[in-house]
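Shown next, in structure tokens, is the structure this report addresses.
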Amino acid sequence: MTAAVHVHRGDTAGTGYDILIGGGLMRDAGTLLARVLPEKPSALIVTDQNVGDLYLKRCVNAMEAAGWRLLPPVVLPAGEATKTFAHLEAVVDHALEHGVTRDTVVVALGGGVVGDIAGFAASVLLRGIRCVQMPTTLLAMVDSAVGGKTGINTRHGKNLAGSFHHPSLVIADTDMLATLPARELRAGYAEVLKYALIGDPVFFGWLEEHGAVLLAGDAALQAEAVRVCCAAKADIVARDETERADIRALLNLGHTFGHALEALAGYDGRILHGEAVAIGIEWAADLSAHLGLMPAAEAARISRHLLSAGLSGQPPFAVEAAEIVLKMQADKKAKDGRMTLVLLRGIGRAFVSRDVPPDTVRGFLQDRLGGQTGGLRHA
Ligand SMILES: NC(=O)c1ccc[n+]([C@@H]2O[C@H](COP(=O)([O-])OP(=O)(O)OC[C@H]3O[C@@H](n4cnc5c(N)ncnc54)[C@H](O)[C@@H]3O)[C@@H](O)[C@H]2O)c1
Ligand SMILES: [Zn+2]
């Protein structure tokens, strides 16, 4: 069954797009795309090595069978280290070398890494050509493929160069999650949980009931979770497309802590983005309870759920409270050393806070890290 979520774009009426979610959609990718781009311009598929090995041929066949003319695909190395100027340049050069035109559509087939760099390349090629996102990880399906943010990392930090470039269509074939390594699936689940905690307590209850089976690979539950999360993200993005109000910022629940942990690990793979976010979510919940904003019982319920999903625990490397706070203050969302935190008044009641003093956060983290045993507890 295919579900469709429409992303309305508030300040640019008529330029919204659909997110199609369901099993087996890749088979029909060429036809689905032709519905949005009926003139069937040329297409450039960008993917990474892992996804390419598994799905590139299928994607090429599906597109060609529907009559698309394809430029030779780009297969990037897999992993976060690919989100660099050098690889961006390689994609842009490749496209120019093979006759990209203003009508060409870039097809980003992969996880968030591919989606971010391919989307960014599309936004700068010939001053901007269209792109289509075909997310293949849970994280990309519920988060990075939706909302129009693209980018690469620079030596100054993560995602510091990029653009807002919305896709013309998102096709999330949830069958592809079957080959995703369990650790990646779990990491994506942290983002799923994020939506429940931001604004949907009923969804949180649903996850408590079904999370374990979903993580064990149940395709129908996975598709349903992707649908709920995409609807939530579409709603948030429609209300605050370019993050000027404090609405889109809610999507950063768990991320101020999480980004600091990722930065301290040097993006070396010891901690995945979603794993860092999961720890960040637990800290945000506990800090909220610590500050008396949320009942301790609700924070405990969140911790229990993270634990059952194999996402609870301490960072898998030694880290000090002071260095985390320093990184948080250096975050691109911090202003004058005051960090932006997303805290909770309860499950489903997130809000943006800029008034927690750094010393308070440092003290809280010192307690939290005091009994550090190291390592995420994988279920
Ligand atoms: N633009 C946004 O709004 C946004 C939001 C959240 C995250 N992000 C970015 O997304 C990136 C993380 O994305 P990710 O978690 O998808 O990581 P990823 O793209 O690195 O994918 C994770 C791993 O899984 C492999 N893989 C992907 N799909 C697979 C499949 N179906 N079967 C088997 N293996 C598969 C990949 O090759 C890779 O090794 C980060 O760079 C982050 O900054 C962007
Ligand atoms: Zn995230």
Side-chain angles (χ1 to χ4, degrees), residues 7 26 46-56 58-59 75-84 87 108-120 123 131 133-154 157-167 170 172-195 198 217 219 222 229-230 233 236-237 241-243 248 250-259 261-263 267 269 271-281 332 342:
V7 184
M26 163 73 94
V46 180
T47 189
D48 74 18
Q49 194 71 55
N50 297 337
V51 179
D53 287 351
L54 289 161
Y55 300 111
L56 180 57
R58 249 187 261 180
C59 186
V75 183
L76 297 164
E80 186 69 30
T82 292
K83 276 177 49 174
T84 59
H87 284 106
L109 174 69
V113 164
V114 166
D116 275 6
I117 192 169
F120 191 22
S123 78
C131 84
Q133 294 283 348
M134 285 195 202
T136 63
T137 64
L138 181 58
L139 182 136
M141 289 180 190
V142 301
D143 200 354
S144 56
V146 181
K149 282 191 187 176
T150 78
I152 54 171
N153 307 325
T154 80
K158 218 173 119 83
N159 297 331
L160 290 182
S163 63
F164 282 101
H165 191 60
H166 287 268
V170 181
D173 180 347
T174 46
D175 279 354
M176 292 199 258
L177 297 176
T179 53
L180 192 65
R183 185 180 172 199
E184 297 286 351
L185 187 68
R186 217 165 24 231
Y189 187 81
E191 304 278 4
V192 171
L193 180 63
K194 176 184 85 176
Y195 290 102
I198 290 174
Q222 289 173 349
C229 295
C230 285
K233 180 148 188 186
I236 289 172
V237 170
E241 200 172 314
T242 48
E243 208 161 329
R248 192 164 179 159
L250 295 174
L251 294 170
N252 281 319
L253 175 63
H255 282 62
T256 321
F257 288 120
H259 285 153
L261 290 174
E262 285 185 276
Y267 310 102
I271 190 160
L272 298 178
H273 173 72
E275 292 171 342
V277 167
I279 292 175
I281 286 176
K332 65 178 182 288
V342 182

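All ligand and atom numbering here is 1-based and tracks the order in the structure.
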(request) Using distance alone, determine whether A140 and ligand 1 share an N or O pair under 3.5 Å. (result)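 Min N/O separation from ligand 1 is not below 3.5 Å for A140.
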
(request) List the steps, then state whether side chain to side chain contact (heavy atoms under 4.5 Å, CB included) holds for T84 with N153. (result) CA-CA 6 Å; T84 59; N153 307 325; 6.0 Å; no

(request) State the atoms of ligand 1, each with its element, that fall below the 4.0 Å cut-off from a heavy-atom position in T137. (result)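 With T137 as reference, the close atoms of ligand 1 come out as 14 (P), 16 (O), 21 (O), 27 (C), 28 (N).
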
(message) Closer than 4.0 Å to some heavy atom of D143 - which atoms of ligand 1 meet that?
(response)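 Here the atoms of ligand 1 in question are 5 (C), 6 (C).
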
Nearest non-hydrogen protein atom, [atom]:
atom	value
atom 28 (N) of ligand 1	T136 OG1, 2.7 Å
atom 20 (O) of ligand 1	V113 CG2, 3.4 Å
atom 34 (N) of ligand 1	P181 CD, 3.8 Å
atom 42 (C) of ligand 1	K158 NZ, 3.5 Å
atom 8 (N) of ligand 1	S144 CB, 3.6 Å
atom 39 (O) of ligand 1	N50 ND2, 3.0 Å
atom 17 (O) of ligand 1	G112 N, 4.1 Å
atom 37 (O) of ligand 1	D48 OD2, 2.7 Å

(message) Applying side chain to side chain donor-acceptor pair (under 3.5 Å), can you list everything that pairs with T150, at least two apart in sequence or on another chain?
(response) S163

Option nearest [atom] (shortest heavy-atom distance, choices [options]):
atom	options	result
atom 40 (C) of ligand 1	H273, E80, Q49	E80
atom 44 (C) of ligand 1	T82, D53, D116	D116
atom 24 (O) of ligand 1	L180, V237, V51, T150	L180
atom 30 (C) of ligand 1	L139, T179, N159	T179

(message) For G162, state whether at least one heavy atom is located under 4.0 Å from any atom of ligand 1.
(response)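 So G162 does not count as touching ligand 1.
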
(message) Could you check whether any heavy atom of E191 sits closer than 4.0 Å to an atom of ligand 1, since that is the contact criterion I want to use?
(response) no

(message) Using side-chain heavy atoms (C-beta onward) and a distance below 4.5 Å, is R58 in contact with M176?
(response)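 In short, these two side chains do not touch, never coming nearer than 4.5 Å.
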
(request) Test V142 against K233 for side chain to side chain contact (heavy atoms under 4.5 Å, CB included), laying out the working first. (result) CA-CA 8 Å; V142 301; K233 180 148 188 186; over 6 Å; no

(message) Please give me the protein atoms (N, O or S only) lying under 2.8 Å from the Zn ion (ligand 2), ordered by chain and number.
(response) E191 OE2, H255 NE2, H273 NE2

